[in-house]
Amino acid sequence: MLNLEEFLTHSRKALEMMIHFVGKQAFRTFLWTAFLHFIFTTAEHVKDISPSSILQREKRAWKWNMMLVYEEKQPSDPPEIIGRLKNTLFDENNVKFKLSGDGAGDIFILSKTGEVLVLKKLDRETASSYTLKAEIIDIKSGRKLEDDTEFTIHVQDINDNGPVFSETYTGFVKERAEKGTKVLTVNATDKDDPSTPHGLIMYELLNGTNFFSINNKTGEISTKVDTLDRETQSEYKLRVKASDMFGVKNAAKQTADTVVTINIKDINDNVASFSKERYKFSVKEDEPAGFNIGRLDINDRDEKQNKNATFTIDQSQTETFDVKLNDNNDGVLILKKKLDYETKPSYNFTIKLQEHVVQPPDNTNLRSSAQILITVEDVDEPPVFTQTEYTFSVREGQKNIIVGTVSAKDTDKTSHRIRYSISLSAWPVNINSETGQLTLKNALDREAKDVHEFLVTAEEESTSRLKSSAVVKINVLDINDNDPYLDKDKVYICESDESGTIIDVIGATDKDENPGKFHFTLKGKHSNFSLHDNLNNTVSIILNHGGFSAKNPVEEHLDIEVIDGGNPPRKITRSLQLEVCVCGRERQKEYCVAYNRSGVSVSAVIAILLCILTILVIVILFVLRKRYQKEVLAAVKKPSSEIHEQLVVYDEEGGGEMDTNVYDVSILTSARSDTRLGPDPPPPAMYAVVKKPSACKGDMAVMIGVKKDEADHDRDGIPYDTLHIYGYEGSESLAGSLSSLESSSSVTSDLDYDFLNDWGPRFRTLAQIYGSEGNTSY
C-alpha cells in the first residue's frame with residue numbers, strides 16, 4: 001500500500017509526463033472539460049434535504065453539458081451526439097426543443113429528446129465556434145415555456161495544417177564580421193490554433209551550421225564565426241526547416257523548408273601587388289602629352305571597388321611620367337610631356353605599389369615594386385619653333401620697319417633647311433622665307449586695330465615637307481595722332497539765369513590710348529561767358545551776365561579750344577551751339593530758341609523772294625485784265641448809255657437770296673416797249689431767265705462776237721474757261737442804266753426807285769439802295 005505522500009509523488013510525476021506528452025495547453029483544456037463534466041453530472045442527483053426545501057420554489061433553469069466537436073471529423077450514421085438540452089422544470093415527455101442560430105438545421109439539429117447532433121464535417125480554420133439559441137415549447141399547446149437561451153459550440157483544433165514560408169530569403173553580411181552578427185530572419189505561418197502545439201512552429205538549419213546558427217523560435221539567422229572570407233566562398237545557400245507541434249515529442253509533425261541565400265560582401269582585406277616584375281613599352285617621340293603608354297596590371301583578390309592601390313614613380317621621372325587608375329582600378333602609365341629620341345632614346349625606372357587594408361597581409365611574397373623599361377622610337381618630326389608664340393610691338397604710323405624675327409629648326413639628325421611663310425596675304429607684314437624676319441608692309445592704326453595675330457609656317461626642304469606653325473602677335477603702340485573733341489555740341493541758357501550761374505559742364509575725349517589731361521580755353525570775344533577747368537577733363541561754362549531773353553537771341557555759339565596731354569600735344573577749336581530757353585525752377589527746359597546773328601538767314605531770304613514774286617505776278621495779271629477791259633469797250637463803239645458792265649458769274653449774291661446767276665436785262669427793255677401795258681403795267685417777272693448767246697440780237701450779239709474773236713487771237717491774255725454772259729438793257733429801259741460806269745450820274749437822279757419793291761423779293765436790295773429812305777414797305 002502506498003502512503004499519501006508516495007501517492008501524491010507518483011501522481012505528480014504522472015501529470016508531468018502527461019503534460020510533457022500532450023502539452024500544457026491541451027492538458028489545461030482536458031482538465032477544464034473533465035471538471036465541467038463532473039459538475040453537470042453530479043448536479044442531477046443532488047437534492048436539497050434541508051428543512052427549507054419544502055417551502056422554497058424550485059428555480060427554472062436550462063441545463064446541458066459543455067458542447068465540443070472536433071474538426072475534420074467525417075459525419076456518421078446515426079449522427080454524432082455532442083450534447084443534450086434539458087430544462088430542470090419541465091417533463092421531457094410533454095415538451096419539445098427548437099434550435100436556431102449559426103448552422104441550425106444545416107450543420108446542427110436536435111432529436112426529440114434534446115440531443116444535439118452534427119451533420120457535417122467542420123473546419124476550425126473556417127469557423128472556430130458556432131453560437132445558437134434553444135427554445136422549449138409545450139407539445140400540446142405549442143406555447144413557449146421558457147425564454148430563449150444562447151449557447152456556443154466550440155470546434156476543437158487538430159493538426160491538419162502545416163507551416164508555410166511565404167517568400168524566398170536573401171541576406172548579406174560582410175566578410176570577417178563578428179560572431180553573432182544578425183543576417184536575416186525567416187518566418188513561416190500555420191493556420192492551426194496558435195494556442196495549441198498544432199500552431200507552434202520551430203525552425204532548424206539543415207546545413208551550414210558551421211558558419212551560421214538560427215533561433216528555433218524566432219527564425220533569426222546570425223553568424224557563428226568571424227572568419228567568413230568572400231575570396232574563399234562568396235555565397236552560402238542554407239536550407240531552413242519549419243515544423244509544428246513545437247515542444248511535443250514523438251508527435252506527428254508537419255514541416256516545410258526553404259532555401260536562404262546569404263551573400264558575403266567584400267571588404268578591402270587583401271593587398272594588391274604587381275602581376276609582373278618588369279613592364280616594357282615603346283613610345284614614339286611625337287606622341288603628345290597625355291598619351292597612354294600602357295597598363296600596369298595588378299593582382300588584388302578584392303573586388304574592384306576595394307582595389308585602392310597607390311603608385312609611386314622614381315622622383316627623377318615625375319616630370320615625364322605619371323600613373324593613373326583605369327576603370328578596373330589597375331594602373332595606367334601616362335606621358336606628361338613629349339619625348340625626344342635625339343636627346344634620350346630610352347628610360348628605365350621603378351614604380352612602387354602600396355595599399356592600406358583592413359587586416360595586415362598574410363602573404364609576404366607580394367610584388368610591391370616593378371621595373372619599367374621604355375624605348376623611344378625615332379620619327380621624322382616637323383620643324384620646331386623656338387617659341388610657341390611670338391609677341392612684337394610697333395608704333396602706329398610707321399612702315400617699312402623690321403618687326404622681329406621668328407626661328408624654327410629641324411630636330412632630327414638630318415637637320416633639313418627651313419623656309420618660312422604666311423599663308424594669307426592680308427596680314428600687315430612680310431616675312432623673309434629664309435631668315436624668318438618680319439617687316440611691316442603698311443603703317444598701322446591702333447584706333448582701327450590694336451593687336452594683329454596670325455600664323456607663321458615653317459616647312460622642311462625635304463621629301464616629306466613637314467610643317468609646323470607658330471602664333472605671332474603684333475601689338476600696336478599708341479601715338480598722339482587724334483584730335484580731342486567735346487562730348488556735347490549744344491548747351492542752353494535759361495532766361496532766369498543770373499550772373500555766376502554754371503549753365504553746363506562739358507568734357508572732352510580722345511581716341512588715343514593715354515591722351516592725358518585736357519585743357520580748355522574760350523576763344524573769341526565772349527564777355528558773357530567764362531570757363532572753369534575742373535581738373536578732371538571737364539570744364540564748367542559760367543554765365544557772367546544775366547538778363548537773356550528767348551525773344552531776342554543775339555549770339556550763336558561758343559568757340560572752345562581743347563588741348564590734350566599727349567606728346568606732342570594736339571589742339572583743336574570746337575564750336576558749342578547755344579540756345580536760350582524758358583526754364584522751370586530746377587532749370588528744366590520748357591521751350592528754347594537758338595541764338596541768331598544779326599542779319600537774315602538764307603531761309604528767310606528765300607521766303608521773302610517768293611512773296612515778292614507772287615505779288616509781281618498778281619499785279620501783272622491785274623494790269624493785263626484792266627487793259628483788256630478798255631480794249632473791249634473801245635471795240636464796241638456804242639453810246640455809253642447803252643453799254644453796261646459785263647455780267648459774269650462770281651458767286652456773289654445778286655438781287656435775291658437764291659440768285660447767284662446773271663440777269664437777263666433784255667426783260668428791262670421789253671418791259672418799256674410792250675404795247676400791251678396799260679396805264680398800270682404789271683411788274684416784271686420774279687426772275688430773269690438767262691438766255692443763251694445764240695438768242696442775243698442786235699448790238700449785244702455783235703459785241704459777243706467781237707469778244708470771242710479777241711479771246712481766240714490773244715496769246716497773252718488769260719484763257720476764258722467760262723462762258724461770259726452779257727446783259728444789254730437797250731436805250732428804252734425803264735430802269736435806266738444800272739451800270740457802274742454811270743453810277744455817279746445816277747446818284748443825283750430824280751428817278752424814284754420805290755417801284756422796284758413791287759417786282760418781288762429779288763429786287764428789294766436795289767429798292768433799298770436807290771429808293772427813298774423813308775420807304776419801309778418791304
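When a residue number appears, it is its place in the shown sequence, counting from 1. Side-chain atoms are counted along with the backbone in the values below, which use heavy atoms only and exclude waters and symmetry mates. Owing to the predicted nature of the structure, the values given are computational and were not obtained by experimental measurement.
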> If every non-hydrogen atom of Leu466 is compared with every non-hydrogen atom of Asp380, which pair is closest and at what distance?
Replying inline: CD1-O, 3.1 Å
> Is atom NZ of Lys441 surrounded by more than 12 heavy atoms (other residues, nucleotides or ligands) closer than 6.0 Å?
Replying inline: yes
> If you look at every heavy atom in Glu434 and Asn432, which pair is closest and at what distance?
Replying inline: N-OD1, 2.9 Å
>> Just so I know, are the side chains of Gln577 and Asp489 near enough to count as touching, which here means a heavy-atom distance under 4.5 Å?
In response: no
> Tyr420 vs Phe385 aromatic rings, parallel, tilted or perpendicular, using cut-offs 30° and 60°?
Replying inline: tilted
> With distance as the sole criterion, is a donor-acceptor pair present between the side chains of Asp510 and Asn482 under 3.5 Å?
Replying inline: no
> Are the gamma sulfurs of Cys592 and Cys581 separated by less than 2.5 Å?
Replying inline: yes
> Under a 4.5 Å cut-off applied to non-hydrogen side-chain atoms, are Glu396 and Glu447 in contact?
Replying inline: yes
> CG/Leu621 to CG/Leu616 distance, rounded to the nearest 0.5 angstrom?
Replying inline: 11.0 Å
>> For the NE2 atom of His519 and the CG atom of Asp564, what is their distance to the nearest 0.5 Å?
In response: 9.0 Å
> Are the side chain of Tyr485 and the backbone N or O of Val562 linked by a donor-acceptor pair below 3.5 Å?
Replying inline: no
> Hey, does the side chain of Ser468 reach the backbone of Pro383 with a donor-acceptor pair shorter than 3.5 angstrom?
Replying inline: yes
>> side-chain contact (heavy atoms from CB on, under 4.5 Å), that's the test. Do Leu578 and Val491 meet it? Break it down for me.
In response: CA-CA 5 Å; Leu578 297 175; Val491 295; 3.1 Å; yes
>> Quick check for you: to the nearest 0.5 Å, what is the distance between Glu459 atom CD and Ser469 atom OG?
In response: 10.0 Å
>> Would you say Asp559 and Thr573 are linked by a side-chain donor-acceptor pair, where the criterion is simply a distance under 3.5 Å?
In response: no
> What's the verdict on side-chain contact (heavy atoms from CB on, under 4.5 Å) for Thr405 and Gln437, showing C-alpha distance, side-chain angles and the deciding distance?
Replying inline: CA-CA 4 Å; Thr405 303; Gln437 187 179 77; 3.9 Å; yes
> Would the number of heavy atoms belonging to other residues, nucleotides or ligands and lying under 6.0 Å from CD of Glu590 be above 12?
Replying inline: yes
> Is there a donor-acceptor pair closer than 3.5 Å between any side-chain N or O of Arg587 and the backbone N or O of Asp497?
Replying inline: no
> If every non-hydrogen atom of Cys583 is compared with every non-hydrogen atom of Lys589, which pair is closest and at what distance?
Replying inline: SG-CA, 4.4 Å
For residues 534-541, which side-chain N or O atoms pair as donor and acceptor with protein atoms under 3.5 Å away, sequence neighbours left out?
residue : atom : partner : partner atom : Å
Asn534  : OD1  : Ser540  : OG           : 3.3
Asn534  : ND2  : Thr538  : OG1          : 3.1
Asn534  : ND2  : Ser540  : OG           : 3.1
Asn536  : OD1  : Thr538  : N            : 3.3
Asn536  : OD1  : Thr538  : OG1          : 2.4
Asn537  : OD1  : Phe518  : N            : 2.9

> Does Leu558 reach the side chain of Leu531, with side-chain heavy atoms less than 4.5 Å apart?
Replying inline: no
>> Determine whether Val451 and Val476 satisfy the following criterion, side-chain contact (heavy atoms from CB on, under 4.5 Å), listing intermediate values before the conclusion.
In response: CA-CA 6 Å; Val451 177; Val476 183; over 6 Å; no
> How close do Ala470 and Tyr390 get, heavy atom to heavy atom, and via which atoms?
Replying inline: CB-CE1, 4.0 Å
> Can you find a heavy atom in the side chain of Glu461 that is under 4.5 Å from one in the side chain of Ile418?
Replying inline: no
> Taking side chain as C-beta onward, heavy atoms only, is Ile612 less than 4.5 Å from Ile608?
Replying inline: yes
>> Closer than 3.5 angstrom, by distance alone: can the side chain of Asn480 be matched with the main-chain N or O of Pro568 as a donor-acceptor pair?
In response: yes
> Which heavy-atom pair separates Lys490 from Leu576 by the least distance, and what is that distance?
Replying inline: N-CD1, 3.7 Å
>> Between Leu610 and Ile606, is the side-chain contact (heavy atoms from CB on, under 4.5 Å) condition met? List the steps.
In response: CA-CA 6 Å; Leu610 290 176; Ile606 294 175; 4.3 Å; yes
> Taking side chain as C-beta onward, heavy atoms only, is Leu522 less than 4.5 Å from Ile560?
Replying inline: yes
>> Atom NZ of residue position Lys449 - does it have more than 12 heavy atoms of other residues, nucleotides or ligands inside 6.0 Å?
In response: yes
>> Distance check, rounded to the nearest 0.5 Å: Asn430 atom CG versus Thr439 atom OG1?
In response: 6.5 Å
> If you measure from CG on Asp410 to CD on Glu460, what distance do you get to the nearest 0.5 Å?
Replying inline: 4.0 Å
> Does any non-hydrogen side-chain atom of Ile493 lie less than 4.5 Å from one of Phe529?
Replying inline: yes
> How many angstroms lie between atom CG of Leu543 and atom OG1 of Thr501, to the nearest 0.5 angstrom?
Replying inline: 6.0 Å
>> Counting only heavy atoms not in Ile402 (residues, nucleotides, ligands), do more than 12 fall under 6.0 Å from its CD1?
In response: no
> What residue pairs, at least two apart or across chains, pass salt bridge (charged side-chain N to carboxylate O under 4.0 Å, His left out) with a residue in residues 476-488?
Replying inline: Arg446-Asp478, Asp483-Arg570, Lys488-Asp504
> So, for Thr391 and Asn475, which heavy atoms are closest and what is the spacing to 0.1 Å?
Replying inline: CG2-ND2, 3.5 Å
> So do Trp427 and Val472 actually touch side chain to side chain, heavy atoms under 4.5 Å?
Replying inline: no
